[in-house]
Amino acid sequence: MIPAGAHWIRMPRFVGDAILMHQAAAPLLAAGQPLVAWGPAATVELFEGSPGYVGVVADPPKKAGLLEGARLLRNHQPASLLALAKSLRAPAAAFVARVPRRVGCGDGGASMLLTSSLKYWKRDDHSLDRYRDIVCLGYPELGSPAFLPFRPREESLACVEAARRDHGLDRDPYVAFAMGAAAGAKRLGLDLLVDLAHRTLAAGLRIVVLGGPGDDVTRAEAFRQRVPEALDLTARIPWSQSAAWLAGAQAVLANDSGLAHLAAVVGTPVVVVFGPTIPRHTAPRGPKVTVVRKEDLACLECQKWHCPLPDHPCMTQVPAGIIWDALEAYLAAPVPETP
């Protein structure tokens with residue numbers, strides 16, 4: 001039962017963005033305010049039962065209209081809506097439902113529907129800094145806490161702990177390879193991944209592969225053919241269990257993706273390879289994050305979903321040694337305890 005007076009966060013489809021919004025809500029979490037994650041089912045599953053979240057509300061399979069959203073909010077009587085996703089639907093529903101505090105991105109006319117807003121697209125700094133400024137404006141009575149690690153629900157932690165025992169990974173340290181991405185242009189080259197996997201195995205560590213459905217599965221199958229020692233969990237577990245696997249890893253190798261952001265927010269060291277996207281806008285934020293790029297390419301930060309160049313240089317020509325050096329620096333640290 002979701003209590004009245006909670007603070008609802010409108011979550012987007014992309015988990016990386018959802019993690020940044022969760023991080024921006026740290027003042028509410030630190031103050032002990034009850035939060036509700038509202039959005040696509042696969043995304044809000046991550047937050048169900050996590051400390052600070054008193055409930056989740058998943059969107060119906062068929063996109064709900066304005067009146068349905070307003071009715072939902074009116075029935076639950078939230079104290080506020082935090083609408084950082086760049087969409088008018090949630091702010092409009094909250095306006096119609098007369099949610100007393102409506103905080104979010106004011107682009108595209110949304111400022112007329114919100115009680116506190118800032119223009120997101122007019123700025124050129126990191127997305128998290130923009131979100132945090134919006135939260136500070138909308139909740140001025142709250143402070144600005146330090147980094148708060150994310151903890152998935154106990155059920156997911158227990159499930160992954162049992163799976164780790166079954167695979168002998170409760171004793172052996174492992175590196176998580178997060179190879180997927182929503183955009184094909186963001187994926188690291190397969191030959192590079194295989195090279196780094198062989199270095200990881202030679203260092204006495206095991207490999208767990210994480211990813212989503214679709215192209216990630218095809219890519220993981222090609223990787224597993226060349227690295228059969230890897231444990232492949234691609235598209236087999238929900239986001240909350242991915243968080244638990246990431247939390248138990250010695251380190252994480254990723255490209256710009258939701259899993260990279262999730263690794264950072266659980267506090268696990270993560271090496272992230274960037275190419276077409278812009279680190280100053282979307283690099284994961286956490287205590288141990290290293291961004292690696294091939295800096296001498298003119299095509300960096302092209303922001304394209306599919307690379308027009310035949311060899312996709314930004315994600316295939318990054319020297320494996322540079323990536324390995326960054327990863328190896330984290331591997332020298334003690335094996336973390338699962339939170």
Side-chain angles (χ1 to χ4, degrees), residues 12-27 82 84-86 104-108 117-137 144-150 178 180-189 192 246 251-309 312-319 322-323 325-327 329-330:
R13 178 166 62 97
F14 295 114
V15 167
D17 289 335
I19 290 295
L20 292 175
M21 294 172 190
H22 161 82
Q23 290 178 287
L82 182 56
L84 298 175
K86 279 66 74 181
C105 299
D107 306 84
S117 67
L118 290 174
K119 296 291 180 67
Y120 176 89
W121 293 113
K122 285 192 173 182
R123 291 173 51 170
D124 192 42
D125 53 347
H126 197 283
S127 292
L128 181 54
D129 294 329
R130 303 182 219 184
Y131 293 154
R132 281 176 171 162
D133 285 350
I134 293 170
V135 171
C136 288
L137 179 68
S144 299
F147 173 77
L148 297 176
F150 176 80
K186 295 196 291 184
R187 298 188 181 107
L188 195 61
L192 261 178
L246 291 168
V252 178
L253 173 64
N255 36 240
D256 181 18
S257 66
L259 285 167
H261 286 276
L262 189 52
V265 80
V266 299
T268 300
V270 55
V271 175
V272 192
V273 183
F274 268 73
T277 47
I278 305 173
R280 72 177 184 278
H281 290 170
T282 60
R285 286 283 187 87
K288 296 179 180 179
V289 176
T290 299
V291 172
V292 176
R293 300 196 300 180
K294 184 171 173 55
E295 296 287 354
D296 59 350
L297 292 174
C299 61
L300 280 178
E301 302 183 0
C302 69
Q303 296 283 70
K304 296 183 183 297
W305 275 62
H306 300 285
C307 180
L309 302 177
H312 196 8
C314 69
M315 300 305 286
T316 61
Q317 295 181 16
V318 186
I322 295 176
I323 303 172
D325 287 346
L327 195 60
Y330 288 137

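- To the nearest 0.5 Å, atom CZ of residue Arg130 and atom CG of residue Leu84 are 12.0 Å apart.
- Side-chain atoms of Asn255 come within 3.5 Å of backbone atoms of Gly180 as a donor-acceptor pair (strictly under, hydrogens ignored).
- Between Pro12 and Met21 the shortest side-chain heavy-atom distance falls below 4.5 Å.
- If you run side-chain contact (heavy atoms from CB on, under 4.5 Å) between His261 and each of Leu20, Val266, Asp17, only Leu20 comes through.
- Here the closest heavy-atom approach between residue Leu327 and residue Ala251 is recorded as CD1-CB, 3.9 Å.
- Residue Ala264 comes nearest to Pro284 through the heavy atom pair CB-CB, 3.7 Å, listed as atom of the first residue, atom of the second, then distance.
- Proximity of Cys314 to Pro276: side-chain heavy atoms (C-beta onward) are separated by under 4.5 Å at one or more points.
- For the atom pair CD1 of Ile278 and SG of Cys302, the computed distance is 9.5 Å after rounding to the nearest 0.5 Å.
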Evaluate the side-chain contact (heavy atoms from CB on, under 4.5 Å) criterion for residues Gln23 and Val265: first the C-alpha distance (whole Å), next the side-chain angles of each, then the deciding distance (0.1 Å), finally the verdict. CA-CA 8 Å; Gln23 290 178 287; Val265 80; 3.7 Å; yes
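- Under the 4.5 Å side-chain criterion, counting only non-hydrogen atoms from C-beta, Thr282 is in contact with Phe274.
- Proximity of Asp129 to Arg285: side-chain heavy atoms (C-beta onward) are separated by under 4.5 Å at one or more points.
- Nearest heavy-atom pair across Leu137 and Ser117 is CD2-O, 3.4 Å.
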side-chain contact (heavy atoms from CB on, under 4.5 Å) between Trp121 and Cys105: does it pass, once the steps are laid out? CA-CA 9 Å; Trp121 293 113; Cys105 299; over 6 Å; no
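- Listed by chain and number, the residues in a side-chain contact (heavy atoms from CB on, under 4.5 Å) with Ala183 are Lys186, Trp305 (sequence neighbours excluded).
- Using a 4.5 Å cut-off on side-chain heavy atoms (C-beta onward), Asp124 and His281 make contact.
- Not counting sequence neighbours, the partners of Ala263 by the side-chain contact (heavy atoms from CB on, under 4.5 Å) test are Leu246, Val252, Val270.
- Ring geometry, His22 versus Phe150: the interplanar angle exceeds 60°, so the pair is classed perpendicular (tilted spans 30 to 60°).
- A distance of 11.0 Å separates CD1 of Ile19 from CG of Leu128, quoted to the nearest 0.5 Å.
- Judged purely by atom type and a 3.5 angstrom limit, His312 uses its side chain to pair as donor or acceptor with the backbone of Ala185.
- Listed by first and then second residue, the side chain to side chain donor-acceptor pair (under 3.5 Å) pairs that reach into residues 290-299 are Thr290-Tyr330, Arg293-Glu295, Arg293-Glu301, Lys294-Asp296, sequence neighbours excluded.
- Closest of all the heavy-atom pairs between Gly189 and Thr316 is CA-CG2, 4.1 Å.
- Here the closest heavy-atom approach between residue Ala25 and residue Leu82 is recorded as CB-CD2, 4.3 Å.
- Closest non-hydrogen pair, Ala182 versus Phe14, comes out as CB-CE2, 3.7 Å.
- More than 12 heavy atoms of other residues, nucleotides or ligands sit less than 6.0 Å from atom CZ of Arg280.
- The pair Arg123-Asp133 counts as a salt bridge, with a side-chain nitrogen and a carboxylate oxygen less than 4.0 angstrom apart.
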